[in-house]
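Below: the structure, in structure tokens.
Atoms considered below: every heavy atom in the structure, side chains included; atoms not considered: hydrogens, waters and symmetry mates.
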Amino acid sequence: MFKPTLITVVILLLAGCSAVPIQEVDPADLDIKVEYRHQPDTVDLRTQLRAGMWSRRVNADSNGLEVITAGGEVVRLKPGIEEGDYGAQLEPDFGPYQLILPSVAQMTLPLTEPVTLNGQAQIAGQVFDRSDELSLAVAGQTERVRGWSFTAYCGAEYWTLDLSLAQDETEIQLPLATLMRQINARAEADLAGQIPVKVTLWESYQPSWVEPFRPGVARAEDSVDFTVDTASFRVSGNFRLALSDNLSIGVSNQAWPVRYCH
């Protein structure tokens with residue numbers, strides 16, 4: 001029989017509590033996770049405010065986070081679906097920005113040239129067979145750390161492959177059969193049907209983080225969505241595909257249970 005300990009009871013009680021008001025939080029106990037995604041037409045900023053060793057959600061409605069644009073405009077972050085989450089959609093033309101928690105801290109959110117996936121017009125919104133091999137062109141040189149990801153969706157679930165990309169690479173290769181085998185391994189299922197996928201190219205920003213702000217994601221990115229038809233995808237064996245001089249994907253395919261995606 002389960003016997004609750006004092007620590008378990010405390011955790012359960014805290015989990016059921018509403019968010020603590022920010023005016024009751026010692027700034028030294030405050031933790032603000034920042035996700036900052038610079039896309040070609042918008043900047044998506046999201047934050048999560050937590051406090052103390054139990055990471056309690058913090059309600060900052062009364063003294064909320066603000067962004068000051070390069071032109072001096074003040075933008076108040078709006079509450080998210082969950083308590084303690086705040087965000088804003090910003091226009092790239094008005095950056096860089098200052099992220100401010102009044103009377104506590106502020107930091108600069110950098111903004112440089114956006115990244116671009118070339119060749120999207122031939123891929124976006126299209127349906128491809130699992131045997132197709134696609135490619136997208138990218139800028140050939142950057143000083144920032146960069147990479148790309150391949151995300152597949154099945155209903156409300158999704159799985160992502162995160163891959164590195166050399167700073168002088170000029171092309172992303174998309175061997176769909178190999179990528180889908182790796183996705184199946186993550187999902188532990190043989191995904192069947194027409195699978196929505198997203199390919200994202202990203203380059204990292206390196207802001208100077210100031211407590212209580214801490215990094216979640218800070219990067220420029222561009223993405224394209226299309227569909228992979230896996231109707232005839234039933235392959236077994238071992239594969240290894242070199243995607244560049246310093247990157248390869250190893251796959252050990254096995255008979256996963258079939259899962260149909262709609």
Side-chain angles (χ1 to χ4, degrees), residues 33-40 42-46 48 80-82 85 87 114-117 119-120 123-130 132-136 138 142 144-166 169 171-205 214-230 233 235 239-244 246-254 256-262:
K33 180 180 178 181
V34 179
E35 292 195 356
Y36 177 67
R37 300 175 188 270
H38 175 199
Q39 299 159 345
T42 188
V43 175
D44 183 39
L45 174 62
R46 302 186 184 190
Q48 296 179 347
I81 296 175
E82 300 289 342
D85 295 354
V115 301
T116 303
L117 276 171
Q120 292 192 42
I123 294 178
Q126 301 298 311
V127 179
F128 296 95
D129 187 79
R130 53 93 184 106
D132 289 335
E133 296 191 9
L134 313 177
S135 65
L136 291 164
V138 300
T142 179
R144 297 185 291 199
V145 174
R146 70 179 180 180
W148 63 283
S149 62
F150 182 89
T151 301
Y153 300 83
C154 184
E157 293 187 76
Y158 65 90
W159 302 268
T160 297
L161 307 177
D162 291 308
L163 304 157
S164 62
L165 190 67
E169 196 70 52
E171 198 172 54
I172 293 177
Q173 298 290 335
L174 301 171
L176 298 182
T178 300
L179 292 168
M180 287 307 301
R181 291 187 195 103
Q182 190 79 348
I183 288 290
N184 285 349
R186 294 284 180 89
E188 296 187 354
D190 185 359
L191 303 183
Q194 293 196 341
I195 312 299
V197 302
K198 180 189 292 288
V199 173
T200 301
L201 168 70
W202 56 265
E203 295 183 3
S204 291
Y205 284 126
R214 67 176 178 86
V217 173
R219 66 193 194 187
E221 64 182 32
D222 193 14
S223 61
V224 60
D225 297 278
F226 56 94
T227 299
V228 177
D229 189 343
T230 67
F233 180 38
V235 184
F239 305 85
R240 191 162 192 88
L241 177 74
L243 300 182
S244 67
N246 65 348
L247 173 64
S248 64
I249 297 177
V251 179
S252 178
N253 200 52
Q254 68 180 77
W256 299 108
V258 176
R259 176 174 176 179
Y260 291 96
C261 301
H262 305 285

Could you walk me through whether L176 and F150 pass the side-chain contact (heavy atoms from CB on, under 4.5 Å) check? CA-CA 10 Å; L176 298 182; F150 182 89; 4.2 Å; yes

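- With rounding to the nearest 0.5 Å, the separation of CE in M180 from CH2 in W159 is 9.0 Å.
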Does the pair L117 and I172 meet the rule for a side-chain contact (heavy atoms from CB on, under 4.5 Å), with working shown? CA-CA 9 Å; L117 276 171; I172 293 177; 4.0 Å; yes

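- Partners of D162 under the side-chain contact (heavy atoms from CB on, under 4.5 Å) rule, at least two apart in sequence or in another chain, are S149, T160.
- To the nearest 0.5 angstrom, Q173 atom CD is 11.5 Å from T178 atom OG1.
- Remark: T116 engages N118, D222 in a side-chain contact (heavy atoms from CB on, under 4.5 Å) (not counting sequence neighbours).
- V228 approaches R130 most closely through the heavy-atom pair CG1-CA, 4.0 Å.
- Atom CG of D132 is separated from atom CZ of F226 by 9.5 Å, given to the nearest 0.5 angstrom.
- Between atom CG of residue L161 and atom CD of residue Q182 there is a gap of 5.5 Å, rounded to the nearest 0.5 Å.
- A pairwise comparison of heavy atoms in P40 and P114 identifies CA-CB, 4.3 Å as the closest pair.
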The test is side-chain contact (heavy atoms from CB on, under 4.5 Å); show your working for Y153 and K198 and say whether it passes. CA-CA 9 Å; Y153 300 83; K198 180 189 292 288; 3.7 Å; yes

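- A heavy-atom distance below 4.5 Å is not found between the side chains of V115 and W202.
- Of the inter-residue distances, the one linking W256 atom CH2 with R181 atom CZ reads 14.5 Å to the nearest 0.5 angstrom.
- Among all heavy-atom pairs drawn from R219 and S204, the shortest one is CB-CA, 4.0 Å.
- Heavy-atom minimum distance, R259 versus C154: NE-SG, 3.7 Å.
- The two residues V138 and E169 make their nearest non-hydrogen contact at CG2-O, 3.3 Å.
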